[in-house]
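What follows is a single structure, written as structure tokens, with notes after it.
Residue numbering restarts at 1 for every chain, and letters A, B, ... go by the order of the sequence lines. Computed from a predicted model, the values in this text were never measured in an experiment.
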Amino acid sequence: GAGVSQSPRYKVAKRGQDVALRCDPISGHVSLFWYQQALGQGPEFLTYFQNEAQLDKSGLPSDRFFAERPEGSVSTLKIQRTQQEDSAVYLCASSLVDSTRQANEKLFFGSGTQLSVL
Amino acid sequence: AQSVAQPEDQVNVAEGNPLTVKCTYSVSGNPYLFWYVQYPNRGLQFLLKYITGDNLVKGSYGFEAEFNKSQTSFHLKKPSALVSDSALYFCAVRDPRYGNKLVFGAGTILRVKS
């Protein structure tokens with residue numbers, strides 16, 4: 001597609017439920033990022049992939065959060081045993097270049113998945 | 001540690017007037033600085049970046065930003081605001097010594113009234 005695609009657009013989960021959020025980056029983009037955006041706040045970094053390798057997961061808030069990108073294209077962010085504080089918009093972004101080699105890349109963001117945990 | 005402050009939650013300006021959206025940053029090294037804009041129900045869009053060189057950088061839609069190292073600021077400016085500029089604006093900083101992540105400010109709502 002023309003841009004970064006995320007699905008679902010909205011997700012309502014009961015507390016304790018597992019969820020999976022999908023990101024389709026722009027074709028050929030090497031770098032992929034996940035960010036979490038709480039209401040009224042700026043996005044906060046969760047994790048970074050270079051192709052299929054997860055090079056930085058320092059922003060994942062707990063071991064309930066898990067991300068993968070097995071073939072270096074589509075990525076899935078999984079949250080186990082969701083809690084109310086997980087409610088946020090989850091943003092995916094991709095970049096054409098290898099972010100470890102070129103630090104000034106422009107990121108292309110998806111519209112996000114709004115997760116509400118009841 | 002890196003941090004970004006956007007001191008104004010909201011900026012109101014009349015159409016045709018100049019606008020400024022403020023941003024200050026804190027990094028211990030040389031910063032890479034960015035501005036992104038978010039329209040309702042759409043993803044963040046890149047506006048401009050400062051990496052090195054000329055302190056005044058020009059970006060999309062007529063926006064520009066001035067890097068001021070002594071004041072650790074990177075304010076976003078536009079000479080003549082349009083109603084269509086109304087959106088949520090985020091300043092972000094990256095210190096390459098701490099990986100690839102961008103650290104974003106909390107955002108500033110820009111409202112341009114006709």
### Task
Keeping the roles fixed (side chain from B:Gln6, backbone from B:Cys91), state whether a donor-acceptor pair exists under 3.5 Å.
yes

### Task
Please check if the side chain of B:Gln2 supplies one atom and the backbone of B:Pro31 the other of a donor-acceptor pair under 3.5 Å.
no

### Message
Measuring centre to centre across the rings, with the benzene-like ring taken for any Trp, is B:Phe63 within less than 6.0 Å of B:Tyr89?
### Response
yes

### Task
Could you tell me which residues in residues 102-114 of chain B have at least one non-hydrogen atom under 4.5 Å from a non-hydrogen atom of chain A, sorted by residue number?
B:Leu102, B:Phe104, B:Gly105, B:Ala106

### Query
Does any heavy atom of chain A fall under 4.5 Å from the side chain of B:Tyr50, the backbone, both, or neither of them?
neither

Which side-chain N or O atoms in residues 13-23 of chain A pair as donor and acceptor under 3.5 Å with protein atoms at least two apart or in another chain?
unit_1: A:Gln17; atom_1: OE1; unit_2: A:Lys14; atom_2: N; d: 2.9
unit_1: A:Asp18; atom_1: OD1; unit_2: A:Arg81; atom_2: N; d: 2.8
unit_1: A:Arg22; atom_1: NE; unit_2: A:Asp24; atom_2: OD2; d: 2.7
unit_1: A:Arg22; atom_1: NH2; unit_2: A:Asp24; atom_2: OD1; d: 3.3
unit_1: A:Arg22; atom_1: NH2; unit_2: A:Asp24; atom_2: OD2; d: 3.4

### From CA spacing to verdict: ring-ring contact (aromatic ring centres under 6.0 Å, His included), B:Phe90, A:Phe109
CA-CA 13 Å; B:Phe90 290 98; A:Phe109 281 83; 9.2 Å; no

### Query
For the side chain of A:Ser31 and the backbone of A:Ser94, is there at least one donor-acceptor N/O pair under 3.5 Å apart?
no

### Query
Could you give the distance from OH (A:Tyr48) to CZ (A:Arg69), rounded to the nearest 0.5 Å?
8.5 Å

### Query
Which bit of A:Glu44 is near chain B, if near means a heavy-atom gap under 4.5 Å: side chain, backbone, both or neither?
neither

#### Entry: Part of B:Gln38 within contact of chain A (heavy atom distance under 4.5 Å)
side chain

#### Entry: Most chain B-contacting option - heavy-atom pairs closer than 4.5 Å, from A:Ala38, A:Gly112, A:Gly110, A:Gly59
A:Gly110

### Task
Could you verify whether a donor N or O on one side chain and an acceptor N or O on the other, from B:Asn68 and B:Glu66, lie under 3.5 Å apart?
no

